[in-house]
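Everything on this sheet refers to the single structure shown next.
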Number of protein chains: 2
Amino acid sequence: MTILSTDGKPRQRAPSKKSLQTRERILDAAENLFAQRGFEGASIRDIAEAAGVPTALVNFHGGPKDALYFHIVERRAKELSDSRLLALQRARERNGDRPLALRDVLACFIMPYLEKAMHEGAHWRAYARLVAQVSADERWKHISQACFDPTAQVFVEELSRLYPQADKMAVSTGFVFSVASMLTMSTSLWRMEALGDGAGAAALFEERAQILLQFCEHGLDATLGKPTLT
Amino acid sequence: MTILSTDGKPRQRAPSKKSLQTRERILDAAENLFAQRGFEGASIRDIAEAAGVPTALVNFHGGPKDALYFHIVERRAKELSDSRLLALQRARERNGDRPLALRDVLACFIMPYLEKAMHEGAHWRAYARLVAQVSADERWKHISQACFDPTAQVFVEELSRLYPQADKMAVSTGFVFSVASMLTMSTSLWRMEALGDGAGAAALFEERAQILLQFCEHGLDATLGKPTLT
DNA sequence: GTCTATATGTAGATAGAC
DNA sequence: GTCTATCTACATATAGAC
């Protein structure tokens, strides 16, 4: 039974400080390589080399490869979910009795993600690509269910409250379109640059974030604000 | 030098009819497995087994693995591009001097893709997932450049004509968001079902296509119709 | 906890008979 | 064109010394 197995059993003893540092280095290296090359494209050996440890140590700290992958996604998922739910709670408090605006609900979901990717460095940018991989591949459905769906459900329900006449299928469809657009900020900046004139494109992340919010807000409003076509 | 190498050199002799059938079976099997498991996740051996041929025959007809991957994406790219450009040309003819509506431009790009995925069977649905993989991974940038960018550029320029005051960066950003939303129809139906109530979700592809068009049309119009925020 | 050594399986690719 | 057999490299994972 390994430390990082997914069944949640606690370790027998507290790990040493040095062990924790080693473990972090391994997880960070794995996060980077998985994000860059995908699950099958990143080998345990590559990860060990990037972390500067023998390969056996990756398995010791990370367990089997699929458990390592799960754990790396899970590791930052709680922080991200907490940021989103906290933002939502505060927005509700600010509004008192009035219902939230669509733009506010969207911003509570999208901005915590973008802010971490923008301001908290390479780890979160790699993590963002990892999330995109998991979200677009049904083979990782169990990871989405465990790490993302609970929070996503909260936001889908919030949208349903704002547009009570829209059926749930339309709401979840529009929400997934919005998430896909958001994730594409992390996976496809290179594509935007190739299709635009490319001048200073990478520097305009803030501007693109506004475009994203605008895009999703009006797309969702048009989708949910009127009956679905037949 | 193999038949399918990417340098475009012609074969020395015309292949036999039987050879062509074998080749098709291999390419179809590869398309399916690459779409399902990604480039590294699908092995030459898996592909050979799915096609019912010895592994050596996959290399003979497909060349090195990366050339095979490229070729499979390229194989249907031309048909898809042609459908899109033809739809655009016809829409222009229908309109005479009047400029195209945003909705029409979007439909010319999106509908050929969705119609093939809907009505032309499993091959195109697998291909759609393959396109999503390539479009979201910078490692395959050369494939996007060769197979998708020329047509994408035409549509970006068409959008720029409709919104001449919008800068090109905003146009390409909004376009990539739209493409990401479109591709998510092929990769994440399972996610929409998980987040919606799930009842009959898979059967409502047509309805979702309308939602997609509505979403992208109003998202783009809001994004491009007013000056970008600062 | 860490490392060396290794067990065991599978990967991509090709040689050469037919 | 096709297939068998095989080369070589690399994969995941663990055993067992320290």
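In what follows, every heavy atom counts, from backbone to side chain, and hydrogens, waters and symmetry copies are set aside. Protein chains get the first letters and strands the later ones, always in sequence-line order, with residue 1 at the start of each. These numbers were taken from a predicted model, which means no experiment stands behind them.
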Measure from the side-chain heavy atoms of [X] and tell me the nearest of [options].
X        : options                  : answer
Leu57(B) : dT2(D), dT2(C), dG12(C)  : dT2(D)
Thr22(A) : dG12(C), dG1(D), dT2(C)  : dT2(C)
Pro54(A) : dG12(C), dC3(C), dA11(D) : dC3(C)
Arg45(B) : dA13(D), dT6(D), dT2(C)  : dT6(D)
Ala56(A) : dT14(D), dT14(C), dT2(C) : dT14(D)

Expressed as a whole number of angstroms, how long is the span from [X]:[atom1] to [N]:[atom2]?
X        : N       : atom1 : atom2 : value
His61(A) : dG1(C)  : NE2   : P     : 7 Å
Asp46(B) : dG12(C) : CG    : C1'   : 12 Å
Ile47(B) : dT10(C) : CD1   : P     : 17 Å
Asp66(A) : dA11(D) : CG    : P     : 17 Å
Ile26(A) : dG1(C)  : CD1   : P     : 12 Å
Arg25(B) : dC3(D)  : CZ    : P     : 9 Å
Leu68(B) : dA11(C) : CG    : P     : 15 Å
Ile44(B) : dC7(D)  : CD1   : P     : 20 Å

Between His142(B) and Phe70(B), how do the two ring planes meet: parallel, tilted or perpendicular, split at 30° and 60°?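 His142(B) and Phe70(B): parallel rings.
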
Ignoring hydrogens and angles, tell me if any N or O in the side chain of Thr151(B) forms a donor-acceptor pair with the backbone of Phe148(B) under 3.5 Å. no

Are the side chain of Arg139(B) and the backbone of Arg37(A) linked by a donor-acceptor contact shorter than 3.5 Å?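 At least one qualifying donor-acceptor pair exists.
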
Report yes if a side-chain nitrogen or oxygen of [X] is closer than 4.0 Å to either non-bridging phosphate oxygen (OP1 or OP2) of [N]; otherwise report no.
X        : N       : result
Asn59(B) : dT14(C) : no
Ser43(A) : dA11(D) : yes
Ser16(A) : dG1(C)  : no

Geometric cation-pi criterion, Lys65(B) with Phe39(B): 6.0 Å, 45°: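 Yes, a cation-pi geometry.
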
Quick check, are the ring centers of Tyr69(A) and Phe34(A) under 6.0 angstrom apart? yes

Assign each of Thr55(B) and Lys18(B) the nucleotide of DNA chain D bearing its closest heavy atom; nearer the 5' end lies the nucleotide of Lys18(B)

